[in-house]
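Accompanying notes for the structure given below.
A quick note: this is a predicted structure, and the numbers were derived from the prediction, not measured.
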Amino acid sequence: MIRLYIIGIAILIIAILANGIILKLGIKSWYDFIALLNHEGSSAFRQLSILDYLWLFIGYPLILGCGNWIGNTIHKLIIK
């Protein structure tokens, strides 16, 4: 259970940092995209740039996966 908690904290920290960075870069986050979907409907997909798509569907999951790896590594270091 401790392992899952550490991994969860690592993913949370990575997600917060990633959202802060993309906000500064002007790239859409999932929060922005969902708000756009609620407001514009399916036409929201036409309002995203290639960079937004790359971030949302490739970059963000990859970054969160790295958070999982970091959390797992921290757990292994603590438990040793």
Side-chain angles (χ1 to χ4, degrees):
M1 190 57 106
I2 296 280
R3 178 179 170 268
L4 293 177
Y5 180 74
I6 292 171
I7 290 172
I9 292 294
I11 292 172
L12 177 64
I13 291 169
I14 294 295
I16 291 169
L17 291 173
N19 283 318
I21 291 169
I22 64 161
L23 180 66
K24 294 283 186 190
L25 296 176
I27 301 171
K28 295 261 188 293
S29 69
W30 280 108
Y31 306 109
D32 299 329
F33 179 57
I34 291 170
L36 196 59
L37 272 175
N38 285 333
H39 188 261
E40 301 291 329
S42 62
S43 67
F45 288 98
R46 285 182 256 133
Q47 297 181 26
L48 296 177
S49 70
I50 292 290
L51 189 57
D52 293 329
Y53 278 110
L54 288 173
W55 169 251
L56 290 172
F57 295 100
I58 296 173
Y60 197 63
L62 186 62
I63 292 296
L64 294 182
C66 289
N68 178 43
W69 178 79
I70 290 168
N72 201 31
T73 302
I74 290 170
H75 176 262
K76 286 179 184 176
L77 290 172
I78 291 172
I79 296 304
K80 263 188 172 184

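Annotation for I58: hydrophobic cluster partners, listed by chain and number, are I50, L54 (ILVMFWY side-chain heavy atoms under 4.5 Å, direct or chained). Counting side-chain heavy-atom gaps under 4.5 Å among Ile, Leu, Val, Met, Phe, Trp and Tyr, the cluster of I13 also holds Y5, I9, L17. Chaining together hydrophobic side chains whose heavy atoms lie under 4.5 Å apart places L12 alongside I16. If you chain together ILVMFWY residues whose side-chain heavy atoms come under 4.5 Å of each other, L62 ends up in a group of its own.
In plain terms, the two heavy atoms of A18 and I63 that are nearest each other are CB-CG2, 4.1 Å. What you find for A10 and G67 is that their closest heavy atoms are CB-O, 3.4 Å. Scanning all heavy atoms of the two residues, the minimum distance from L64 to A15 falls at CD2-CB, 3.7 Å. The minimum heavy-atom distance between W30 and L56, with the atom names listed, is CZ2-O, 3.2 Å.
Under the 4.5 Å side-chain criterion, counting only non-hydrogen atoms from C-beta, Y60 is in contact with N19.
Sorted by first then second residue, the side chain to side chain donor-acceptor pair (under 3.5 Å) pairs that include residues 67-76, not counting sequence neighbours, are R3-N72.
The CG atom of L37 sits 7.5 Å away from atom CD1 of I34, with the distance rounded to the nearest 0.5 Å.
Under the rule for a side chain to side chain contact (heavy atoms under 4.5 Å, CB included), the partners of L51 that lie at least two apart in sequence or sit in another chain are I27, S49. Residues that satisfy the side chain to side chain contact (heavy atoms under 4.5 Å, CB included) test with I74, not counting sequence neighbours, are I6, I70, I78. Take Q47 and apply the side chain to side chain contact (heavy atoms under 4.5 Å, CB included) test, not counting sequence neighbours, and it matches L36, E40, S43. For Y53, the side chain to side chain contact (heavy atoms under 4.5 Å, CB included) partners at least two apart in sequence or on another chain are F45, L48, F57.
Here the options are I22, L23, D52, the test is side chain to side chain contact (heavy atoms under 4.5 Å, CB included), and the partner is K28; only D52 passes.
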